[in-house]
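One structure is given below, encoded as structure tokens.
Just so it is clear, the model here is predicted, and its values are computed rather than measured. Each chain gets a letter, A, B and so on, in the order its sequence line appears, and its residues count up from 1.
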Number of protein chains: 2
Amino acid sequence: MPGHHSARGRRTTERKGDVRERAILDTCEALLTHKGYDAMTVGDIAQGAGITRGALYFYFGSKQEVVTALVARTVEHLWERSRVTAQTDEPRQAIAAAMQRTVELWNEHGPVLRTAIDLSLTVPEIGELWMHTADLFIAAITAVLEHAGIQAGAAPDQASAMARALCWMIERTFYHASQESREKLQEASATCEHIWLTSAGLIT
Amino acid sequence: MPGHHSARGRRTTERKGDVRERAILDTCEALLTHKGYDAMTVGDIAQGAGITRGALYFYFGSKQEVVTALVARTVEHLWERSRVTAQTDEPRQAIAAAMQRTVELWNEHGPVLRTAIDLSLTVPEIGELWMHTADLFIAAITAVLEHAGIQAGAAPDQASAMARALCWMIERTFYHASQESREKLQEASATCEHIWLTSAGLIT
DNA sequence: GATAAAAATCGACACGGTGTAGGCTTTTGC
DNA sequence: GCAAAAGCCTACACCGTGTCGATTTTTATC
């Protein structure tokens, strides 16, 4: 009985492997949270997912591939959300909304995002993924800045360059704050928002 | 003939091991530059320094210890410089000077600094070192902000919190720009300086 | 400049994690 | 029910790490 009358909308036909694959990624995220990337061994992941090392290599070619898939899964979430978010015309609102969404993502998946950042240099695939994410962010910030009256362009005091720096500020600030607590994250977010607003000329 | 009339001021008595130790660190920095941390093996370092793996373990207990020592050496440079730099009273000058010094350090030791950042999470000793460096920086930024009229305090729109966010902005922006080219670094520095000035209320 | 202690070096080894290979078992679709 | 595909496992080979004990070289002292 494959994809029969599954009540759900889609065609289903969910292979057993699909479940396992999710289990592997879930386990990986949990391990990343509690042990960190280096300490996490392929055997650990397999064990957590209820299979042996050998079986895991049926799904993923290496530890790095597992993590890459996990990062992809997490980041796609973000892409979805950012695509949905209609651009509010009011800069202040747009900024507040963007920051709030980002806080939520970091609250939910902080360890994965931190790992992604750490591995960006050494694992090209992850670097790719993260760069793309950053570019989305930078584009969004650039739009807001220009909308707020900052001159478009790539010179150091123009929208594009400033957006890039602000993006890195947010990334790094969240990276650290998300290690501490949700409260710290919220505070850090407020600080970033304030600097963003100031840079946009929306605060005296 | 140990430390005889060595023309130099100090007591000399430089052991052979001191030279080797330096050679190891120099090799490590070169390898970090050309291969990156993960690809770099203890054997590589030893070979580059003209000894065998076994001998290297006489100097350092592990690959991580080698890198930690290298980071320490590099960061101490920075501490020196920042201690020397008398605090100019004029905020604009202070900011420009700080940025320039930072650019130089990243130009000279970009790969080491990037590695230090990458390993901050996983190697506590390096995390320690880097945190201390960041704290110096944050204190300096805080001082400038307060001097420029930003209210002291840790609330999101007060000097201390803002300084922290600005520090991370600079760290991350330099991290990326230093991978590209000296020109990019210089531009990135200008952008960070502009945002810093704006946040300090020194630019309309 | 002989000598004994300290410093430096080496080769061999044990361990642990990775990734691969070949064969067995379960699912899946007809 | 039955092939083919998918899933799974054990065993193995490889590589990098870090340790050990024996040996050689430096260093300081007489």
Greater than 12 external heavy atoms within 6.0 Å of A/Arg164's CZ = no

Determine yes or no for a side-chain-to-main-chain donor-acceptor pair under 3.5 angstrom, with B/His34 supplying the side chain and B/Ala30 the backbone.
-> yes

Under 3.5 Å donor-acceptor, A/Ser189 side chain and A/Leu185 backbone = no

Sub-4.0 Å heavy-atom contacts from residues 37-64 of chain A onto DNA chain C, ordered by number | A/Thr41, A/Val42, A/Arg53, A/Tyr57, A/Ser62, A/Lys63

Where does the angle between the aromatic ring planes of A/His77 and A/His109 fall among parallel (under 30°), tilted (30 to 60°) and perpendicular (over 60°)?
-> perpendicular

[N] [atom2] sits how many Å from [X] [atom1], rounded?
{"X": "B/Glu65", "N": "D/dT17", "atom1": "CD", "atom2": "P", "result": "14 Å"}
{"X": "B/Leu31", "N": "D/dG16", "atom1": "CG", "atom2": "C1'", "result": "15 Å"}
{"X": "A/Asp18", "N": "D/dA5", "atom1": "CG", "atom2": "P", "result": "18 Å"}

Under 4.0 Å between a Lys/Arg side-chain N and an Asp/Glu carboxylate O for B/Lys63 and B/Asp44?
-> no

Is the phosphate of D/dT26, meaning OP1 or OP2, less than 4.0 Å from a side-chain N or O of B/Lys16?
-> yes

So, is A/Arg20 near the phosphate of C/dT26, with a side-chain N or O under 4.0 Å from OP1 or OP2?
-> no

Check salt bridge (Lys or Arg N to Asp or Glu O under 4.0 Å) between A/Glu146 and all other residues, then give those that pass, not counting sequence neighbours.
-> none

